[in-house]
2 protein chains.
Amino acid sequence: MRGNVAKKLQEPKSASSPTSRSYRIEEQVGYLLRRAHQRASAIFQVGIGDPNITPTQYSSMVKLNEYTELSQNLLGRLVGMDKATMQGVVRRLKERGLVDSRPDPGDARRTLLSLTTEGQRLVNKLLINGPAVSRETMKPLTAQEQRHLLELLSKIV
Amino acid sequence: MRGNVAKKLQEPKSASSPTSRSYRIEEQVGYLLRRAHQRASAIFQVGIGDPNITPTQYSSMVKLNEYTELSQNLLGRLVGMDKATMQGVVRRLKERGLVDSRPDPGDARRTLLSLTTEGQRLVNKLLINGPAVSRETMKPLTAQEQRHLLELLSKIV
DNA sequence: CCCATATCGTTCGTGTACGTACGATGGCCA
DNA sequence: TGGCCATCGTACGTACACGAACGATATGGG
């Protein structure tokens with residue numbers, strides 16, 4: 001045993017508390033979603049093929065690869081990101097030369113985003129690893145459980 | 001008719017790419033976990049009973065309420081948070097007078113954390129709302145699906 | 001045609017999340 | 001017992017996440 005920290009743990013003192021009858025934080029859906037998301041992000045980071053690309057950057061690039069050109073706001077809606085969050089994601093992608101932008105000729109409020117040639121090249125390379133990342137994330141589950149999990153998550157998004 | 005610019009969405013151009021046959025970002029487990037976690041956090045924020053308490057702060061306080069006194073590092077392991085993340089969470093809880101700390105008399109590296117009286121009062125109030133938050137998050141699912149989701153998430157954490 | 005209202009993108013503030021580096025301390029063993 | 005290595009907490013940098021406020025622009029109704 002290497003660490004052996006905190007050899008004697010205090011005993012949980014609840015179980016007798018009147019307000020917390022069998023409420024365990026580890027069994028709450030919000031807690032489990034946070035932990036599962038943490039693990040999925042960690043697997044993504046090592047498996048997607050470029051440690052500098054984050055899950056949200058990847059999602060954005062994949063969508064831009066599908067649609068060619070999108071306004072920042074619409075892209076945010078398609079990938080489920082707040083416009084304030086989107087702003088930072090897009091700024092970093094532009095700084096790295098993966099995304100380009102031009103004013104929308106028909107609406108001066110909008111900016112149209114698109115992948116650069118380098119962005120296209122990169123996302124097509126990363127897309128090869130995408131399935132393996134998903135597979136690794138759901139490795140502890142059987143094929144049926146994997147399908148079921150995706151179905152259940154789709155319902156609560 | 002109205003301006004009509006930017007009203008027509010470009011058609012997704014993939015589906016012919018050899019590397020991305022039927023890979024949809026919306027069906028990937030990492031993407032769904034991110035979206036589901038977003039929604040769970042939003043529900044928590046309005047339902048837990050104090051808009052200034054975040055999910056991670058809540059988890060930390062619940063654990064401190066169970067164990068009375070814990071080192072910062074051990075608390076982080078119990079609630080699944082990096083020590084660097086834990087540092088910020090604890091600092092904010094201390095600034096609000098919800099958590100107190102003292103040096104561990106047996107190990108000068110450690111700090112022992114505990115809830116203040118106000119922290120105990122608050123967490124016991126919030127714990128009343130905890131079950132309702134979880135229920136609301138899983139509302140789109142049947143009772144059986146809810147059990148199944150928790151089980152599947154537990155396996156991939 | 002003009003104004004109320006909505007949308008778009010930006011900025012600021014707060015908070016989670018984690019890698020890395022750091023200094024202090026503790027445990028182990030040669 | 002002295003040195004090596006692990007652990008603890010902190011600090012810094014980067015990135016997601018979102019509410020709120022803001023200015024510019026667009027749209028629809030009176």
Side-chain angles (χ1 to χ4, degrees), chain A residues 1-7 30-31 33-35 37-42 44-46 51-60 70-77 79-96 101-113, chain B residues 1-7 30-31 33-35 37-42 44-46 51-60 70-77 79-96 101-113:
Chain A
M1 224 139 273
R2 49 206 153 113
N4 189 16
V5 276
K7 25 192 166 225
Y31 177 85
L33 285 171
R34 179 173 65 81
R35 301 292 306 270
H37 178 233
Q38 281 175 5
R39 177 163 165 277
S41 298
F44 178 94
Q45 201 199 342
V46 301
N52 295 318
I53 295 296
T54 64
T56 55
Q57 289 171 5
Y58 174 72
S59 298
S60 303
L70 288 170
S71 79
Q72 188 169 308
N73 225 301
L74 180 51
L75 173 58
R77 282 197 294 276
V79 296
M81 277 187 252
D82 188 84
K83 60 182 178 173
T85 304
M86 203 68 238
Q87 207 274 333
V89 173
V90 167
R91 179 175 48 75
R92 283 179 282 271
L93 288 174
K94 283 166 76 174
E95 283 169 1
R96 291 179 205 174
S101 67
R102 66 179 179 112
D104 187 326
D107 189 335
R109 294 172 302 178
R110 293 197 178 110
T111 304
L112 292 177
L113 303 175
Chain B
M1 293 291 144
R2 15 192 193 123
N4 186 10
V5 225
K7 169 70 181 198
Y31 177 86
L33 285 170
R34 179 173 64 81
R35 301 293 305 269
H37 178 234
Q38 282 175 4
R39 177 165 167 276
S41 299
F44 179 94
Q45 202 198 340
V46 301
N52 295 317
I53 294 295
T54 64
T56 54
Q57 289 171 6
Y58 174 71
S59 297
S60 303
L70 289 170
S71 78
Q72 188 168 306
N73 224 299
L74 180 51
L75 174 58
R77 281 198 293 276
V79 295
M81 277 185 253
D82 188 84
K83 62 182 179 173
T85 303
M86 203 69 237
Q87 207 271 333
V89 173
V90 166
R91 178 175 48 76
R92 284 181 282 271
L93 288 174
K94 282 167 77 173
E95 283 168 2
R96 291 179 204 173
S101 66
R102 67 179 179 109
D104 186 325
D107 188 336
R109 295 171 302 178
R110 293 197 177 111
T111 304
L112 292 177
L113 303 174

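Predicted, not measured: the structure shown is a model, and the values here were computed from it. We name chains A, B, ... by the order of the sequence lines, and we start the count at 1 in each one.
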Practice prompt. Could you tell me the separation between the CG atom of B:Asp104 and the C1' atom of C:dG26, rounded to a whole number of Å?
Written response: 12 Å
Worksheet item: Does A:Arg110 put a side-chain nitrogen or oxygen below 4.0 Å from OP1 or OP2 of C:dC8?
Response: yes
Item to complete: Nearest 0.5 Å please: distance from the OG1 atom of B:Thr54 over to the CG atom of B:Leu93.
Response: 7.5 Å
Worksheet, complete the sentence: With sugar-phosphate taken as primed atoms, P, OP1 and OP2 and all else as base, the protein-contact string of nucleotides 11-19 of chain C at under 4.0 Å (heavy atoms; B, S, -) is B---SBBBB
Worksheet entry | By side chain to side chain contact (heavy atoms under 4.5 Å, CB included) - contacts of B:Arg39 (at least two apart) | A:Ile156, B:Ile43, B:Thr137, B:Pro140
Item to complete: Compare side-chain N and O positions of A:Arg77 against OP1 and OP2 of C:dT7 and report whether any pair is under 4.0 Å apart.
Response: no
Practice prompt. Send over the distance from B:Arg109 CZ to C:dG26 C1', rounded to a whole Å.
Written response: 4 Å
Discussion item. Determine whether A:Gln57 and A:Arg96 satisfy the following criterion, side chain to side chain donor-acceptor pair (under 3.5 Å), listing intermediate values before the conclusion.
Written reply: CA-CA 11 Å; A:Gln57 289 171 5; A:Arg96 291 179 205 174; 3.3 Å; yes
Worksheet entry | For A:Arg77, salt bridge (Lys or Arg N to Asp or Glu O under 4.0 Å) partners two or more places apart | none
Fill in: Spacing of A:Asp107 atom CG relative to D:dG23 atom P, expressed in whole Å
20 Å
Practice prompt. Calculate, to the nearest 0.5 Å, the distance between atoms CG and CG belonging to A:Leu75 and A:Leu113 respectively.
Written response: 6.5 Å
Practice prompt. Could you state the atom-to-atom distance from CD of B:Gln72 to P of D:dA11 in whole Å?
Written response: 11 Å
Item to complete: Mind checking A:Ser41 for me? I need base, sugar-phosphate or nothing, with any heavy atom below 4.0 Å counting as a touch.
Response: nothing
Fill in: Rounded distance in Å - CG (B:Asn73) to C1' (D:dC8)
6 Å
Worksheet item: Over how many whole Å does the gap from B:Leu70 atom CG to D:dG9 atom P extend?
Response: 11 Å
Worksheet item: Which whole-number value in Å describes the distance from A:Leu75 CG to C:dC8 P?
Response: 13 Å
Item to complete: Look at the side chain of A:Gln45 and the backbone N and O of A:Pro55, then say whether any donor-acceptor pair between them is shorter than 3.5 Å.
Response: no
